[in-house]
Amino acid sequence: MADKITPRAVDYSQWYIDIVLNAKLADYSPVKGSMVIRPRGYAIWERIQAEMDRRFKETGHENAYFPLLIPMSFLQKEAEHVEGFKPELAVVTHAGGEELDEPYCIRPTSETIIWAMYKNWIQSWRDLPLLYNQWANVMRWEKRTRLFLRTSEFLWQEGHTAHETKEEAEEEALRMIEVYRSVVEETLCVPVLMGRKSEAEKFAGAVHTLSIEAMMQDKKALQAGTSHFLGQNFAKAFEVQFQNREGKLDWVWATSWGTSTRLVGAVIMTHSDDKGLVLPPSLAADQLVIVPILRNDTKAMVLEYCEKLLGELKAAGIRARLDSDDSQSTGWKFAEWEMRGVPIRLEVGPKDIAAGHVMMARRDTGEKLAVQAAAVVATAKETLAAIQKNLFERAKKFRDDNTHTITDYEGMKAFFGLAAEDSAGTAAAKGGFAEALWCGDPVCEKKLKTETKATIRCMPLDRQTGIDGKCALCGAPAKHRAIFARAY
RNA sequence: CGGGAAGUAGCCUAGCGGCUAAGGCGUCAGGUUUGGGACCUGAAGAUCGCGGGUUCGAUCCCCGCCUUCCCGACCA
């Protein structure tokens with residue numbers, strides 16, 4: 001029947017769009033570059049959000065909310081910051097039928113307005129640390145948008161913390177990127193590399209930026225979260241000083257960190273296949289669906305059996321549902337639930353009931369096997385756990401299989417291909433992650449980007465020892481070990 | 001923001017300077033079915049993306065705009 005999903009091998013971009021649209025996760029809106037997140041997509045975000053929020057609270061953070069509109073002059077206080085965001089600002093010039101004395105921009109991020117407030121709230125070391133987070137929408141006027149991955153308006157959380165010392169702030173930035181790593185790997189089943197950004201890739205206004213980087217199925221990198229050590233840059237821009245334990249005035253040390261609805265895109269791209277969405281059980285609104293095989297003569301009996309089974313599954317804490325709709329054929333329902341990404345499907349027909357078992361199909365592997373009636377609940381629980389584990393392992397294997405050590409510039413060009421002969425857009429694209437030594441010179445990085453489109457995604461924190469060799473780009477003595485890739 | 005492509009019912013597509021814009025999927029009603037995207041009958045559903053122009057007449061030709069997709073530039 002209708003091939004609703006373009007296969008990955010034909011057109012990876014189109015495949016992704018087909019999944020998002022057909023699984024009803026999101027839709028285009030009448031507003032350029034802005035999407036509507038539909039209930040099935042929002043449900044995924046809510047689960048990510050819940051897990052993140054729980055861990056923020058566990059690490060001592062509190063939620064707050066700051067205004068959507070930011071006076072333009074605030075942005076201008078931090079030179080590098082305004083320079084970085086200027087091209088993507090949306091600005092409000094009129095309100096209440098009059099032109100405003102000073103235009104407001106719609107927040108692209110909230111450092112400036114938050115630090116304008118921190119100035120009022122911080123006087124003494126006793127006021128520190130300040131560990132705030134906010135869940136909000138932000139707007140960055142992007143030239144080129146993609147559902148979930150890059151839209152003009154998106155949902156995110158942004159943490160903004162203030163500290164007494166440099167060490168404390170650096171620890172915080174590291175603590176939060178580690179929180180991100182654990183949520184993304186454990187809850188989203190997306191393996192990531194955790195590392196430091198190069199100067200060229202860091203946040204505008206940060207001293208340094210840490211990020212987690214994932215590999216999508218087309219071997220391109222996706223930044224899944226960032227945590228910034230802001231030094232005293234914003235404290236100085238907003239004149240936030242405090243009296244330290246010695247009674248002297250000092251500038252406050254800062255961090256900020258964020259993750260967004262882009263994570264939903266990361267989950268989709270990492271796990272899904274040509275049949276549709278594949279979701280980790282931890283994020284699936286429906287973890288299991290029972291599809292009864294309905295025949296006129298046995299319908300009542302089968303449904304009764306399924307209702308009872310449904311009750312048992314729910315009692316065991318499994319998010320289960322029964323698809324008793326008899327206006328659709330069984331085959332249609334199989335395909336539909338697969339497209340929606342439900343991790344486990346149970347097929348229950350008169351023959352199964354007579355044989356004392358039900359059929360259990362796994363979304364991740366496609367395996368289908370008979371499970372004895374008495375063991376269904378326990379097997380379902382085990383299988384959900386197995387799927388959660390398998391998705392991570394499978395994605396990790398894919399990433400590792402597509403990560404190679406490269407030692408020279410010719411090797412880089414061969415690995416990524418030249419920018420001009422771009423094969424992106426198909427799953428057969430060249431490249432992957434190139435692990436290579438780097439001298440630290442932005443000129444090298446720029447040259448590679450121009451010629452191959454590959455950039456430094458991060459310098460993994462756990463791979464900076466034993467660096468003894470030459471920069472793979474220029475041959476000068478290396479200072480860092482970096483991961484290079486084409487990125488979203 | 002530059003180059004290319006597209007926009008006809010919820011979705012996919014046909015069409016043609018001219019009579020009532022055609023078909024498939026889906027939807028709704030009824031019936032028959034249901035172990036991998038079933039079938040029959042009937043029904044509803046279109047400002048042909050928006051605006052202007054050419055013309056006796058425009059969904060079709062021309063111009064402008066909007067939106068999406070691909071490529072490029074840009075990019076937390």
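Throughout, a chain's letter reflects where its sequence line sits, starting with A, and its residues are numbered from 1.
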> Within less than 4.0 Å of OP1 or OP2 of B:A76, is there a side-chain N or O belonging to A:Gln157?
Replying inline: no
>> Can you tell me if A:Ser329 touches the phosphate of B:A38, counting only side-chain N or O atoms and a distance under 4.0 Å to OP1 or OP2?
In response: yes
>> Any base atoms under 4.0 Å from A:Glu201, or only sugar-phosphate, or nothing? Heavy atoms, all strands.
In response: nothing
> Does any donor-acceptor pair link the side chain of A:Arg150 with the base of B:C75 at a separation under 3.5 Å?
Replying inline: yes
> Would you say the side chain of A:Gln328 and the base of B:G37 hold a donor-acceptor pair, judged only by whether the two atoms sit under 3.5 Å apart?
Replying inline: no
>> Can you measure A:Lys143 atom NZ to B:C69 atom C1' for me and round it to whole angstrom units?
In response: 18 Å
> Can you tell me which stems RNA chain B forms when a stem means 3 or more consecutive Watson-Crick or G-U pairs under 3.5 Å?
Replying inline: B:1-7 with B:66-72, B:10-13 with B:22-25, B:27-31 with B:39-43, B:49-53 with B:61-65
> With a 4.0 Å cut-off, would you call A:Glu51 and A:Arg47 a salt bridge?
Replying inline: no
> Thinking salt bridges, do A:Arg8 and A:Asp218 make one under a 4.0 Å N-O criterion?
Replying inline: no
> Is there any side chain to side chain donor-acceptor pair (under 3.5 Å) pair reaching into residues 337-353 of chain A, and which pairs are they, with sequence neighbours excluded?
Replying inline: A:Asp323-A:Trp337, A:Glu336-A:Arg340, A:Glu338-A:Arg345, A:Arg345-A:Glu347, A:Glu347-A:Lys368, A:Asp352-A:His357
> Will you find, in the side chains of A:Ser211 and A:Gln223, an N or O donor that is under 3.5 Å from an N or O acceptor?
Replying inline: no
> If each of A:Met339 and A:Leu294 is mapped to the nucleotide of RNA chain B with the nearest heavy atom, which maps nearer the 5' terminus, i.e. the 5' end?
Replying inline: A:Leu294
>> Both A:Tyr488 and A:Trp332 contact RNA chain B. Which one's nearest nucleotide lies toward the 5' end?
In response: A:Trp332
>> I want to verify a distance call: between B:C70, B:G35, B:U33, whose nearest atom is closest to the A:Arg144 side chain?
In response: B:C70
> When you measure from every atom of RNA chain B, which of residues 61-91 of chain A have a heavy atom less than 4.0 Å away?
Replying inline: A:Phe85, A:Glu88
> Do any N or O atoms from the side chain of A:Thr255 and from the backbone of A:Ala173 form a donor-acceptor pair under 3.5 angstrom?
Replying inline: no
